[in-house]
Amino acid sequence: MGKHRTMLLKLYIVSGLLFANVVSTQAETISSEPFFQGSLIVGKTKPENTVTLNGNKIKVSKQGDYALGFSRDEKNNSELLIISPSGETEKRLLKPLKRNYNIQRVNGISKKIMNPNKKAISRVGEDNKKIRAARQVDSDLTAFSQGFIAPIDGIITGVYGSQRYYNGVPKTPHYGLDYAGKKGDPVKSPADGKILMYVADMFYSGGTMIIDHGHGVTSTFLHLSDSYVKEGDDVKQGELIAAVGASGRATGPHLDWRVNWFNMRLDPALVLKLKPSNL
């Protein structure tokens with residue numbers, strides 16, 4: 001093994017039911033486990049190394065942690081480079097595997113919801129600006145590398161990637177993980193982080209909260225009935241942060257949990273399989 005093999009020390013990959021503990025040292029080679037669409041990938045390297053994905057620089061923490069992800073429909077291969085200060089390079093080709101998604105049909109949605117008026121459309125635009133701004137935060141937090149827990153003890157009723165038809169009309173895919181619940185049921189923080197945003201009455205998503213886990217990785221919670229924290233608060237994994245509701249344009253009480261890497265929507269079910277980085 002050459003010296004370049006020592007640069008990528010650990011790479012943790014969330015991919016379907018597979019979890020790859022990828023180690024590159026003088027004693028081992030890099031694993032070639034598959035990558036799936038919707039995956040969050042958390043890597044660890046020497047803090048002084050530079051990491052790029054398809055030529056774009058990725059933030060590396062003082063401990064050597066970094067994050068990246070694949071979208072729901074990513075089809076192209078990606079090139080990951082780990083570059084040492086001396087210029088030695090470790091190159092890794094990430095090949096996302098295609099997934100099959102469920103089709104769901106929801107009927108009985110009112111015309112008012114399906115065809116919002118101009119005032120509602122304007123409000124939705126303002127809501128989306130707030131959400132996009134929160135998801136652009138690129139903080140130095142590294143909670144994303146410590147693993148995630150489910151935010152609620154409930155039955156999963158909706159999954160990531162499913163294509164929904166409302167009153168027979170195809171809409172954008174569902175990007176969250178839905179949990180059944182009753183109004184007021186406790187919602188826990190899935191990982192350490194900082195509260196970036198809480199708005200009680202967004203048009204579609206109602207009570208909406210976003211938590212920053214670092215390096216562009218965020219959790220978003222929709223349809224909440226209450227918040228027990230405020231913007232700027234630091235929270236710990238498992239801490240009570242909010243209550244389940246049916247606010248916004250929900251058909252009943254439930255929690256919709258979403259995970260993003262900046263504006264890239266990831267699969268929370270895969271994120272739950274991420275193991276802590278112990279390097």
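Side-chain contact between Ser189 and Ile211 is present, with at least one heavy-atom pair separated by less than 4.5 Å. Side-chain contact between Met264 and Ser71 is present, with at least one heavy-atom pair separated by less than 4.5 Å. When side chains are defined from C-beta on, Val60 does not count as touching Asn49, because their heavy atoms never get closer than 4.5 Å. Inter-residue side-chain proximity for Ser78 and Phe70 is flagged as met; some heavy-atom pair is nearer than 4.5 Å. Here the side chains of Thr50 and Ser84 are not in contact, with every heavy-atom distance at 4.5 Å or above. At a threshold of 4.5 Å between non-hydrogen side-chain atoms, the residues Ser227 and Met209 count as touching. Residues Val244 and Val187 form a side-chain contact, since some pair of their non-hydrogen atoms from C-beta on lies under 4.5 Å apart. Residues Pro190 and Phe221 are in side-chain contact: their nearest non-hydrogen atoms beyond the backbone lie under 4.5 Å apart.
The nearest pair of heavy atoms linking Tyr179 to Ala150 is OH-CB, 3.7 Å. Pairing each heavy atom of Lys130 with each of Val199, the nearest pair is CD-CG2, 4.3 Å. Summarising the geometry of Met197 relative to Met202, their closest heavy-atom pair is CE-CE, 3.7 Å, with the distance given to 0.1 Å. Nearest heavy-atom pair across Ala191 and Ala143 is CB-O, 4.4 Å. The heavy-atom pair separating Ser205 from Thr208 by the smallest distance is OG-OG1, 2.6 Å. Scanning all heavy atoms of the two residues, the minimum distance from Val229 to Glu239 falls at CG1-OE2, 4.3 Å.
The 12-atom threshold is not exceeded at CD1 of Ile155, counting heavy atoms of other residues, nucleotides or ligands nearer than 6.0 Å. Within a 6.0 Å radius of NZ in Lys59, other residues, nucleotides and ligands contribute more than 12 heavy atoms.
Under the 3.5 Å distance criterion, the side-chain polar atoms of Asp192 are matched with a main-chain donor or acceptor of Gln237. For His254 (side chain) and Ala246 (main-chain N/O), no donor-acceptor pair under 3.5 Å exists by modelled atom type. Of the possible donor and acceptor atoms, none in the side chain of Ser162 sits under 3.5 Å from a partner among the backbone N and O of Tyr160. Put simply, the side chain of Trp261 gets close to the backbone of His215: a donor and an acceptor are under 3.5 Å apart. The closest donor-acceptor contact from the side chain of Ser145 to the backbone of Thr142 lies under 3.5 Å. Without hydrogens or angle criteria, Arg72 side chain to Gly161 main chain gives a donor-acceptor distance under 3.5 Å. A donor-acceptor distance shorter than 3.5 angstrom exists from the side chain of Asn54 to the backbone of Glu79, with no hydrogens or angles considered. A donor-acceptor pair is defined here as one N or O able to donate and one able to accept, closer than 3.5 Å; no such pair exists between the side chain of Glu74 and the backbone of Gly69. Judged purely by atom type and a 3.5 angstrom limit, Ser39 has no side-chain atom pairing as donor or acceptor with the backbone of Ile41. Side-chain atoms of Ser247 come within 3.5 Å of backbone N or O of Gly207 as a donor-acceptor pair.
Using a cut-off of 4.0 Å between Lys/Arg side-chain N and Asp/Glu carboxylate O, Glu126 and Arg123 are scored as not salt-bridged.
Considering NZ of Lys188 and CG of Leu255, their distance stands at 11.0 Å, rounded to 0.5 Å. Rounding to the nearest 0.5 Å places CG of Leu222 at 13.5 Å from OH of Tyr204. Expressed to the nearest 0.5 Å, how far CG of Asp212 lies from CD1 of Ile210 amounts to 10.0 Å. Note that CG of Leu80 is 5.5 Å distant from CG of Leu94, once rounded to the nearest 0.5 Å. Separation of atoms CZ (Phe144) and OG (Ser139) is listed at 9.0 Å; rounding is to 0.5 Å. With rounding to the nearest 0.5 angstrom, the CG atom of Asp201 is 12.5 Å from the CG atom of Leu224.
Using a 3.5 Å distance cut-off with no hydrogens or angles, the side chains of His174 and Asn102 do not pair a donor with an acceptor. The closest side-chain donor-acceptor pair between Thr157 and Asp178, if any, does not fall under 3.5 angstrom. Side-chain contact, Ser219 with His213: a donor N or O sits under 3.5 Å from an acceptor N or O.
A continuous path of ILVMFWY side-chain contacts below 4.5 Å connects Val259 to Ile156, so both sit in one hydrophobic cluster. Neither Leu141 nor Ile58 shares a network with the other; the hydrophobic side chains, linked directly or stepwise wherever heavy atoms of I, L, V, M, F, W or Y lie under 4.5 Å apart, form separate groups for each. Residues Val137 and Phe262 do not share a hydrophobic cluster, defined by chaining ILVMFWY side chains whose heavy atoms lie under 4.5 Å apart.
Ring planes of Phe148 and Trp257: tilted class, angle from 30 to 60°.
Partner Leu40 forms a side chain to side chain contact (heavy atoms under 4.5 Å, CB included) with one of Asp267, Leu266, Leu68, Leu270 and no other, that one being Leu266.
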**OP:** Check the pair Val42 / Val217 against side-chain contact (heavy atoms from CB on, under 4.5 Å), numbers first and verdict last.
**Re:** CA-CA 10 Å; Val42 175; Val217 180; over 6 Å; no
Subject >> Check against side-chain contact (heavy atoms from CB on, under 4.5 Å), Tyr66 and Leu53 >> reply: CA-CA 11 Å; Tyr66 62 92; Leu53 182 68; over 6 Å; no
**OP:** Could you give me the CA-CA distance, side-chain angles and deciding distance for Leu274 and Leu272, then say whether side-chain contact (heavy atoms from CB on, under 4.5 Å) is met?
**Re:** CA-CA 5 Å; Leu274 179 67; Leu272 286 172; over 6 Å; no
**OP:** In sequence, state the C-alpha distance, the side-chain angles, and the governing distance for Ile131 and Thr220, and then conclude on side-chain contact (heavy atoms from CB on, under 4.5 Å).
**Re:** CA-CA 9 Å; Ile131 292 172; Thr220 304; 5.7 Å; no
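Every residue two or more places apart in sequence or in another chain that forms a salt bridge (Lys or Arg N to Asp or Glu O under 4.0 Å) with Lys230 is listed here: Asp233.
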